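Data block below; observations after.
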2 protein chains.
Amino acid sequence: MKLITRNTDYALRAICYIAKQKNVVTVTELVRVLGVPRPFMRKILQQLSKEKILKSYKGQSGGFKLKLFPEKIFIIQIMHIFQGQVSLSECFLKKDICPNRGKCVLRKKIRQIENNALGQLRQISIASLVKG
Amino acid sequence: MKLITRNTDYALRAICYIAKQKNVVTVTELVRVLGVPRPFMRKILQQLSKEKILKSYKGQSGGFKLKLFPEKIFIIQIMHIFQGQVSLSECFLKKDICPNRGKCVLRKKIRQIENNALGQLRQISIASLVKG
DNA sequence: ACAAAAGATACTAATATGGTATCATTACTC
DNA sequence: GAGTAATGATACCATATTAGTATCTTTTGT
Ligand code: FES
Ligand code: FES
């Protein structure tokens, strides 16, 4: 079981790399640095640019830059993009079978854990990763 | 993205229900109470009994009981059974590309979150769920 | 013997993940 | 303004995981 999938992971590393560069970064360069399959990397970067995390420049000598400051990008945003809403506490039982959702202890406990983890993920910015 | 899958969820609820009963509980009863497909429920219970969480009784008027006290069964054990090891912090990059695993900030941060979540999961017993 | 339970095992369906492939568009360079 | 080197868009494919079915065997109380 993984909390972070491969594309999120690659995306994070790509963003970190880009954050450290002064100029635009091309897919070619990222592929060389990260050793990730080129078409996959491309797809990931395109998604990130569609989601306004990266800014893209077409044409010769184009590439990608961060659209936001590294302090303004958080792990959880990237997870959302590639993994959808992180929801640990959705009830799998039919609605009419567990009518007392409000009192359900299991759900409450799990929601607690969720909130903790999300709280932490919300605080980890790209900036804090790059500094290390 | 789900931290807890359907079979873990069903297993937890089944265990909770069984914990509350005095006598053995049959699949038929659980299916009625939880509204889960019968063959699926059967499979789940069989796994639980193979993993020594439940004790099974064959033959007429057979069924399942807890093998351990509810205080001794923890959510994380059930997750292990159905979802394998929970590992958030495995590195997806090729080993030779990120040689400085020790210093990797991303990895360290994620490991932190993992430890937190696992710590909490390790503490939630069936007993604490049933009390509510 | 019979019925009602679980055990074992193999199979199938649906969904999510991890990619490829291809063609269109943009923009710098000469 | 043609060529080239970049991204954009989109459709497709492969694999793994999750969710569930089907079937047959074994056990045991009556
Ligand atoms: S059983 Fe559905 S919310 Fe707890
Ligand atoms: S990049 Fe592999 S451990 Fe951080």
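Everything numeric in this text was worked out from a predicted model, so none of it was measured. So you know, we letter chains A, B, ... as the sequences are listed, proteins then strands, and number each from 1.
Where B:R38 and B:G59 each meet DNA chain D at their nearest nucleotide, the meeting point lying more 5' is that of B:R38. If you find the closest nucleotide of DNA chain C to B:V27 and to A:Y57, the one lying nearer the 5' end belongs to B:V27. Summary of the strand contacts: A:S61 and A:R6 both lie near DNA chain C, and taking for each the nucleotide with the nearest heavy atom, the more 5' one is attributed to A:R6.
Side-chain contact between A:C16 and A:V130 is present, with heavy atoms from C-beta onward closer than 4.5 Å. B:E29 is listed as a side-chain neighbour of B:R32, based on a closest heavy-atom distance under 4.5 Å. Proximity of A:Q47 to A:I53: side-chain heavy atoms (C-beta onward) are nowhere separated by under 4.5 Å. Residues A:L66 and A:K55 form no side-chain contact, since every pair of their non-hydrogen atoms from C-beta on lies 4.5 Å or further apart.
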Quick one: side chains of residues 75-84 of chain B, donor-acceptor pairs under 3.5 Å with protein atoms, not counting sequence neighbours, listed by atom name and distance.
residue: B:Q77; atom: OE1; partner: B:F74; partner atom: N; Å: 2.7
residue: B:Q83; atom: OE1; partner: B:T5; partner atom: N; Å: 2.9
residue: B:Q83; atom: OE1; partner: B:T5; partner atom: OG1; Å: 3.1
residue: B:Q83; atom: OE1; partner: B:T8; partner atom: OG1; Å: 2.6
residue: B:Q83; atom: NE2; partner: B:L3; partner atom: O; Å: 2.9

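Annotation: proximity of residues 40-49 of chain A to DNA chain D (heavy atom, distance under 4.0 Å) is found for A:R42, A:Q46, A:S49, numbered in ascending order.
Residue-level contact check: B:F82 touches neither bases nor backbone, having no heavy atom under 4.0 Å from any strand.
In this structure, A:K2 does not pair ionically with A:D9, as no charged nitrogen and carboxylate oxygen lie closer than 4.0 Å.
Bracketed by its first and final contacts, the part of DNA chain D lying under 4.0 Å from non-hydrogen atoms of chain A reaches from D:dA5 to D:dA9 in 5' to 3' order. First and last contacts of DNA chain C with chain A, using any nucleotide atom under 4.0 Å from a protein heavy atom and ordered 5' to 3', fall at C:dG18 to C:dT29.
B:Y10 and B:R6 share a donor-acceptor pair across their side chains, judged by distance under 3.5 Å alone.
Taking Ile, Leu, Val, Met, Phe, Trp and Tyr as members and joining any whose side-chain heavy atoms lie under 4.5 Å apart, directly or through other members, the hydrophobic cluster of B:V24 also contains B:Y57.
Considering only residues two or more places apart in sequence or on other chains, A:S125 meets the side chain to side chain donor-acceptor pair (under 3.5 Å) condition with none of them.
In the hydrophobic clustering of this structure, A:V105 groups with A:F92; members are Ile, Leu, Val, Met, Phe, Trp, Tyr whose side-chain heavy atoms approach within less than 4.5 Å, directly or through other members.
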